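Below: the structure, in structure tokens.
All ligand and atom numbering here is 1-based and tracks the order in the structure. Computed from heavy atoms alone, side chains included, the values below leave out hydrogens, waters and symmetry copies. Quantities reported herein were computed from a predicted structural model and do not represent experimental measurements. Numbers here simply count residues along the sequence, with the first being 1.
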Amino acid sequence: MKLRVDLLPHGSYPDVVLVIDALRATTTAVTYLERGAQALLLTSTPEAALALRGTRDHLLLAGERGGLPIPGFDLGNSPAGANTPVLGGRTVVMNTTNGTGAAHIAAQSGKHVLLAALTNAHAAARRARALVTEGIAIVCAGTEGRVGLEDVYTAGVLAEYLLAMGEFTLDDGARIALTVRRGAGDPGEALAGSDHGLYLTTLGLGEDVRFASGLSTSTVVPTLVRGGDAPEGTL
Ligand code: MLT
């Protein structure tokens, strides 16, 4: 089977897609579900998220632009956020600069769309391996159209786990991701030294970077559910 890594989102996808935005959207998505959120709705715009306000009980709006909370939202996008309210049983509507958009691109053609980060890397690789029949694409969200070291490094971690689980033929993107994983130090160094990690640290969000560096600390794998009661335009 084929294993492909897209250094930025594009095009059409095989049956299993792993979407990565390690700093911070997919790390945050894993954390919200880990902390008891009942469901996540990923919108393509902040306006779509705001329009959902009041459409169902116990909604929370979470997201960021430029790393900072979106006005009118309840939460920013901090996976380490100590002040995150009780999430049990609540639905969180998420919209972020890059990560939720990457998930929407993947959902246009991917049959199984999973959200992956360092924090759920092994569980995400196991789930992808269990689901795949044609091939796996690992999609790096990047930051505003630029490749992100943190996402490519995470893709390399996922690729390593998958290679230990079965036979895959790699594309150049996968080989690049594995090289980055093997050359960029430990997860903490790679994420802290990335452009977006450095930027978040200047915003005082270094704790999020450290949190997002935790390797396989969660077994939660956010998975896109099609149909159901998800409103139009959300995932
Ligand atoms: C993203 O979507 O790229 C991230 O959410 C950005 C961030 O949280 O800083």
Side-chain angles (χ1 to χ4, degrees), residues 5-10 17-35 37 40-50 60-84 87 92-107 113-121 124 138-155 187-188 190-214 218 222 224 233-235:
V5 171
D6 291 354
L7 303 183
L8 286 172
H10 82 89
V17 189
L18 290 158
V19 179
I20 300 171
D21 183 6
L23 292 175
R24 300 168 285 175
T26 54
T27 301
T28 302
V30 170
T31 305
Y32 284 163
L33 293 174
E34 184 88 52
R35 290 183 185 162
L40 302 177
L41 295 176
L42 277 57
T43 68
S44 50
T45 64
E47 293 73 21
L50 290 164
L60 283 172
L61 273 57
E64 58 67 46
R65 282 296 182 275
L68 298 172
I70 298 172
F73 276 38
D74 305 296
L75 300 170
N77 190 33
S78 173
N83 62 346
T84 301
L87 294 176
V92 182
V93 182
M94 290 184 71
N95 180 262
T96 69
T97 311
N98 309 279
T100 51
H104 273 264
I105 292 171
V113 178
L114 313 177
L115 302 188
L118 283 174
T119 54
N120 74 340
I138 301 174
V139 180
C140 301
T143 302
E144 295 176 326
R146 297 187 308 278
V147 173
L149 172 63
E150 72 277 10
D151 293 340
V152 178
Y153 181 93
T154 302
L191 268 61
S194 68
D195 287 345
H196 200 55
L198 290 165
Y199 172 68
L200 290 173
T201 301
T202 66
L203 292 180
L205 297 168
E207 185 53 33
D208 281 346
V209 180
R210 284 184 290 279
F211 184 93
S213 304
S218 173
L224 169 63
T234 66
L235 298 179

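Using a 3.5 Å distance cut-off with no hydrogens or angles, the side chains of E64 and T97 do pair a donor with an acceptor.
Ligand 1 lies under 4.0 Å from heavy atoms of D21, L23, R24, A25, E64, G67, N77, T96, T97, N98, G99, H196, L200.
For N98, the side chain to side chain donor-acceptor pair (under 3.5 Å) criterion is met by no residue, not counting sequence neighbours. Partners of R146 according to the salt bridge (Lys or Arg N to Asp or Glu O under 4.0 Å) rule, which considers only residues two or more places apart in sequence or in another chain, do not exist here. Partners of T28 according to the side chain to side chain donor-acceptor pair (under 3.5 Å) rule, which considers only residues two or more places apart in sequence or in another chain, are N77.
For the atom pair CG (L149) and CG (L7), the distance works out to 11.0 Å, reported to the nearest 0.5 Å.
In this structure, the side chain of N120 does not engage the main chain of S218 through any donor-acceptor pair within 3.5 Å.
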